[in-house]
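Quick notes on the structure that follows.
Counting starts at 1 for both ligands and their atoms, following the listed order. Predicted model, so just to flag it, every value in this text is computed and none were measured.
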Amino acid sequence: MATAQQLNTQFGINKRLRFSDDAPVKGMPPDSRPAGSLGAASGLIIAEIDNAQATASLCLQGAHLMSWRPKNQAVPVVWLSRDAKLAAGKSIRGGAPVCWPWFGAHAIESGFPGHGYARTVPWQVIESGSEPDGATRLTLRLVESEKTRAQWPHASKLDLTVIVGETLRMELTTENTGATDFVISEALHTYLQIGDIGAVRVTGLDGCDYWDKVGSSTLRKQQRAITFSGETDRVYINTSAECVIEDGKLKRRIHVAKSGSLSTVVWTPWAEKAGKMGDMGQPEGWREMLCVESANAIENVVKVAAGARHTLIVEYRAEPVQ
Ligand code: TA6
């Protein structure tokens, strides 16, 4: 794998895109760096983006965007747990984990990692650049190995392009490079930062069917906006709708617009589950995050024909509310 110095030579963009193995997480208060974020200790490399419009950080393992803060926002839009840990082969709590080539538990192998392996294996940088509007673009590709092929015996490529500016755009492209069709489920499992879970509502999914995963999985229909008063774990199906998180405490709206995705997952663990997870940040970090995930899951799995490509795209935008 390339070193930070080699990556800076090949893909760095002045001060706007730098690679390091010991980077503070941009957009997060200094005292909230993820535990173990001394990359040198973990051996992980982090890309830091700092342009006129925004700051962001991304761990090359998992192509895991960890934070994003537009410079017109005092508070980051993508949440990272204060207890997030950087460690080889381990998922990072917060940011935008890539769930692929399956979402949730593996359909057959209970020993395979939940949400697939993409978020815990090395990815390599394949391209970087600046957009005409000044946003910073970075594209990474999952590095296959015997381990990945043991869990996913299909010839494929997986690329993630992130475009960091006043909006955050993420494009996850699956290419079937083999001779037989395959089926994936997937998600950009993004943790968004909110003022307090009791002061937000999510609009855009009114009338949509969803699988309620709290307790036994039950099919229900959404009535009006989503508000939160307990553990909420829902997979909305057959919807390409844009969602809006309306944050009454931070006085902002976060727009989540997507294409190539027919499922939207809405999740908060609430107190008891958060306490068991142990890395949601003390004392009540879970109250300051809400997952709105752009996915293809359950009824919406995707068949990628031999030689074909499929791209899931999501764009986040934050705006103040008067
Ligand atoms: O997307 C919601 C969910 O599937 C929840 O059921 C919960 O398990 C969450 O993902 C977190 O999963 P993780 O493997 O990142 O701890």
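Ring to ring, His189 and Tyr191 are close: their centroids are under 6.0 angstrom apart.
Taking a cut-off of under 4.0 Å to the non-hydrogen atoms of Arg119, the atoms of ligand 1 that pass are 13 (P), 14 (O), 15 (O). Less than 4.0 angstrom separates some heavy atom of Val265 from each of these atoms of ligand 1: 1 (O). Counting atoms of ligand 1 from 1 in the listed order, those under 4.0 Å from a heavy atom of His189 are 1 (O), 2 (C), 3 (C), 9 (C), 10 (O), 11 (C). Short contacts between ligand 1 and Lys213, defined as distances under 4.0 Å to a heavy atom of the residue, involve ligand atoms 4 (O), 6 (O).
Contact annotation for atom 8 (O) of ligand 1: protein absent (non-hydrogen atoms, distance under 4.0 Å).
Side-chain N/O atoms of Ser67 and Ser57 include a donor and acceptor closer than 3.5 Å. The closest side-chain donor-acceptor pair between Trp211 and Glu299 falls under 3.5 angstrom.
Here the heavy atom of the protein found nearest to atom 11 (C) of ligand 1 is Trp267 CH2, 3.7 Å. Protein heavy atom closest to atom 3 (C) of ligand 1, with residue, atom name and distance, is His115 NE2, 3.7 Å. From the protein, the heavy atom lying nearest to atom 6 (O) of ligand 1 is Asp233 OD2, 2.6 Å.
Note: Glu109 CD to Gln151 CD = 9.0 Å, rounded to the nearest 0.5 Å.
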Yes or no on side chain to side chain donor-acceptor pair (under 3.5 Å) for Glu171 and Thr311, after CA distance, side-chain angles and deciding distance?
CA-CA 6 Å; Glu171 304 174 359; Thr311 299; over 6 Å; no
Would you check, one step at a time, whether the test ring-ring contact (aromatic ring centres under 6.0 Å, His included) holds for Tyr316 with His255?
CA-CA 6 Å; Tyr316 305 96; His255 294 258; over 10 Å; no
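Using a 4.0 Å cutoff on heavy atoms, Arg93 counts as a contact of ligand 1.
Aromatic ring pairs are classed by plane angle as parallel below 30°, tilted from 30° to 60° and perpendicular above 60°; the pair His154 and Phe182 is tilted.
Backbone and side-chain nitrogen or oxygen atoms of Glu293 are examined, and one is located within less than 3.5 angstrom of a nitrogen or oxygen of ligand 1.
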